[in-house]
> 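One structure is given below, represented as structure tokens, and several questions about it will come after.
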Amino acid sequence: MPVRHGTVNSNSSPEALNPMELLNYSYDHLIGFMARQYGKRAYHGDALFRHLYSRGQLDLKNDPLFDGNPELVSSLERDFPLNLPLIRTRQKEGDTLKFTLNLDPEINCETVLIPMKKYSTLCLSSQMGCRWNCQFCETGKLGLHRNLSTSEIMAQLMTARFALNADKLRNLVFMGMGEPLENLDALMESIDIMTDPRGLNLHAKHISISTAGYIPGINRLRDLCREYPHRNYQKLHLGLSLHSADPETRSSLMPINRVYPLDELKKSLLSSPYSQVKDGLYIEYIVLPGVTDKPEQIDKLLYFLEGLTAKINLIPYNPGSNPIFRKPEEEEVDRLWEILNEKGYSCRTRKSRGESVMAACGQLGRRSKPDGKSGQQLTV
Ligand code: SAH
């Protein structure tokens, strides 16, 4: 991928610098950055990358990798003091923790840490708000304010790992705020950093990216898998928030369907490596009683799935602050599960966690100020 971040003039004042600048760079880009910025060879970029992702802070004076380089240590600490953003709010339900970082005065960037017995899952945001205005989704009501930068995506993970001491962190899901495939450059750079064996060493096979059906992003991701086979992008999981395979119903629930309709979406998925392997593609299907569980809707879902290797994740509707549907009863979810299972589909029901603190699926999206402005939104 091309380098996308400008260099910083070493004479500029530290106030002008992004305190998280270093978190914008994958391993290769950090090496290039160190060469441009300080005329250093790969050794120093390598040492800095290992330092950052093993400690979560800049403490170069005490790092033997930097022995003998006091000048570089003071330049780096002066120019790029790594400050993770403050945690603005924390809310817990059981072990599930929703936190917001101090990244933007107008809007909260929400992240959810879900500890499980053997490992933890982190649900990451990729944008401030979202443009696509899915009718059941809280984030959609905010509109899109802006993309998150690589460093802002990394800050969520670094905060969980180092400030909240989530040491069993294994699964990462881009299912927080925003449409990750619309912010693909920053997303993939952050995935390069997260999966680098010289750093956090998380595995692509434990990372899921969920999309509302943003076809240009699905296609670009497919092309990146081909272009960079050694980066293991093909081992990631792609989630498609399908929710209905009936064009009319889907367009009314998810206005993105008017821009990227189902038949085009199916073609795009068929050309994607994720629909060709066992665990690659997950179809997310919201259970809206009396709407998405009707027999004709199920038939259309089964028709859509033909030719795709995919698993189904049923998501019971979580009523947000302003419910537009009824929450399904457990039996209603189970009934749909049984039908799909009988048809031979591997099907899982996503357990709802963090509902009482609005940390469950689709419930992220509180303004930091109640009268905050709305972002860009696709009108229904
Ligand atoms: N924009 C991406 C990433 C968001 S992931 C996408 O649409 O896939 C959040 C998941 O929760 C999506 O599957 C979304 O459709 C689902 N969701 C949103 N609101 C919900 C709600 N109220 N109840 C249950 N699931 C919801």
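Indexing begins at 1, ligand by ligand and atom by atom, following the structure's order. Counting begins at 1 with the first residue of the sequence.
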> For the residue pair R326 and Y317, would you count it as a cation-pi contact if the rule is NZ or CZ under 6.0 angstrom from the ring centre and within 45 degrees of the ring axis?
no
> Does ligand 1 have an atom under 4.0 Å from some heavy atom of G178?
yes
> Mind checking whether T211 contacts ligand 1 via backbone (N, CA, C, O), side chain (CB onward), both or neither, at a 4.0 Å heavy-atom cut-off?
backbone
> Say whether N318, considering both its backbone and side-chain N or O atoms, lies within less than 3.5 Å of an N or O atom on ligand 1.
yes
> Using the side chain to side chain donor-acceptor pair (under 3.5 Å) rule, take E182 and W132 through it: C-alpha gap first, then chi angles, then the decisive distance, then the call.
CA-CA 11 Å; E182 218 182 355; W132 296 104; 3.1 Å; yes
> Scan K205, K235, K311 and name whichever one has a side-chain hydrogen bond (donor to acceptor under 3.5 Å, both in side chains) with D279.
K311
> So, does H51 use its side chain to make a donor-acceptor pair with the main chain of D46 at under 3.5 Å?
no
> With a cutoff of 4.0 Å, is P316 in contact with ligand 1, counting heavy atoms of the residue only?
yes
> Do N219 and Y214 meet the criterion of a side-chain donor-acceptor pair at a distance under 3.5 Å?
no
> Between E179 and S126, is there a side-chain donor-acceptor contact under 3.5 Å, judged purely by atom types and distance?
no
> List every atom of ligand 1 that sits less than 4.0 Å from any heavy atom of G176, numbering the atoms from 1 in the order shown and giving each element.
4 (C)
> I'd like to check whether E138 has a polar contact with ligand 1, where a contact means an N/O of the residue lying under 3.5 Å from an N/O of the ligand.
no
> At a 4.0 Å threshold, what atoms of ligand 1 neighbour a non-hydrogen atom of E179?
1 (N), 2 (C)
> Using heavy-atom distances only, which candidate in H243, M175, E284 approaches atom 16 (C) of ligand 1 most closely?
H243
> Under 4.0 Å from a heavy atom of I315: give me the atoms of ligand 1 that qualify, with their elements.
13 (O), 24 (C), 25 (N)
> Will you find, in the side chains of Q376 and R131, an N or O donor that is under 3.5 Å from an N or O acceptor?
yes
> Does any N/O atom on P180 come nearer than 3.5 Å to any N/O atom on ligand 1?
no
